[in-house]
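Ligands are counted one by one from 1 in listed order, and the atoms in each one are counted from 1 as well.
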Amino acid sequence: MGTIGSVQSGGTMGIRPRFLVVMGVSGTGKTTIATGLATRLGWHFQEGDALHPQSNVDKMSSGQPLTDEDRKPWLELCHDWLSREVKAGHGAVLTCSALKRIYREQLRRDLPVEFIHIRVARDTLTDRMARRQGHFMPASLLPSQLSTFEEPGDDEPVIHVCGEDPPDVVLEKLLQHFRDEENQKELHAAVS
Ligand SMILES: Nc1ncnc2c1ncn2[C@@H]1O[C@H](COP(=O)(O)OP(=O)(O)O)[C@@H](O)[C@H]1O
Ligand SMILES: O=C(O)[C@H](O)[C@@H](O)[C@H](O)[C@H](O)COP(=O)(O)O
């Protein structure tokens, strides 16, 4: 089993392929954390924002929140991507806000998908969105994101991580979580 210090870039660190959706409201750090995971693990990456139909991007850019109907085709494209990745058997990481339980159910339909939920305080989000440049999502949509968000339940396949720490710390916590799970499995296999 590899340790983070001994890993070469793009290696899987002895971590089995997983199919991850990095979720949370706008500004939580989905893109930052998902690209970091994909790079460190050598897994495929897809930016969920890039799968939005242009009409959704136009709507958000003009300061209007999306509806369930707007999100449906986008979530289906996200599901299609995940489905292809599961078939390929390579580890994969997608960013997608996945705000509601029904959206998460649509994303993981018939697939072994897991969610990483990045938790960030409202004030931090406001600050991050005000600073972020070159993104279509206006900071004014944060209140609607927060009111639409449904916290994932214990019955959902979700790993919660605090997103207030610097990205490297968040990434190391996630990698340690994966390594711990691999070690548990090896231990279990050894005694059974
Ligand atoms: N853990 C973090 N600590 C500090 N700043 C962060 C962290 N994660 C992301 N950021 C910054 O916050 C902003 C939003 O991050 P981003 O990854 O685009 O979030 P999302 O994809 O969830 O909208 C970016 O400017 C990014 O550099
Ligand atoms: O369902 C939605 O309302 C959108 O998908 C939204 O949640 C998402 O946050 C935007 O795509 C902006 O992108 P960022 O999350 O990267 O800011």
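Using a 4.5 Å heavy-atom cutoff, the side chains of M60 and H135 are not in contact. Side-chain contact between D49 and M137 is absent, with no heavy-atom pair separated by less than 4.5 Å. Contact annotation: the side chain of E156 never approaches that of E151 to less than 4.5 Å [non-hydrogen atoms, C-beta and beyond].
Salt bridge absent: R84 and D80 never bring a charged side-chain N and a carboxylate O closer than 4.0 Å. Using a 4.0 Å cut-off between charged side-chain N and carboxylate O, E182 and R179 make no salt bridge. A salt bridge does not link E172 with R40: every distance from a Lys NZ or Arg NE/NH1/NH2 to an Asp or Glu carboxylate oxygen is 4.0 Å or more.
Distances from ligand 1 to the non-hydrogen atoms of P167 include at least one value under 4.0 Å. Contact between T95 and ligand 1 is absent, with no heavy atom of the residue lying under 4.0 Å from the ligand.
Residue G163 approaches ligand 1 through these ligand atoms, each under 4.0 Å from one of its heavy atoms: 1 (N). Ligand 1 places these atoms under 4.0 Å from at least one heavy atom of G29: 8 (N), 9 (C), 15 (O), 16 (P), 17 (O), 19 (O), 20 (P), 22 (O). Per-residue contacts place T31 under 4.0 angstrom from the following atoms of ligand 1 (heavy atoms of the residue considered): 17 (O), 21 (O).
A side-chain contact (heavy atoms from CB on, under 4.5 Å) with I33 is found for exactly one of L171, T28, V161, namely L171. Exactly one of I159, L94, L107 qualifies for a side-chain contact (heavy atoms from CB on, under 4.5 Å) with F115. That residue is L107.
Ring geometry for H52 against F136 counts as perpendicular: the plane angle is over 60°, on a 0 to 90° scale with 30° as the lower cut.
The closest non-hydrogen atom to atom 13 (C) of ligand 1, taken over Q145, R131, H135, R128, comes from R128.
Of the protein's non-hydrogen atoms, the one nearest atom 24 (C) of ligand 1 is R132 CD, 4.2 Å. Looking only at heavy atoms of the protein, atom 1 (N) of ligand 1 is closest to D165 O, 2.8 Å. The protein heavy atom nearest to atom 27 (O) of ligand 1 is T32 OG1, 4.2 Å.
Using a heavy-atom distance under 4.0 Å as the criterion, the protein contacts of ligand 2 are S26, K30, D49, H52, M60, L66, R71, W74, S97, R132, H135, F136, M137, Q145.
Considering both main-chain and side-chain atoms, E164 never comes within under 3.5 Å of ligand 1 through any nitrogen or oxygen pair.
Applying the ring pair (Phe, Tyr, Trp, His ring centres under 6.0 Å) rule to H90 yields the partners H44; only residues at least two apart in sequence or on another chain are considered.
Here the closest non-hydrogen pair linking M129 and A139 is CE-CA, 3.8 Å.
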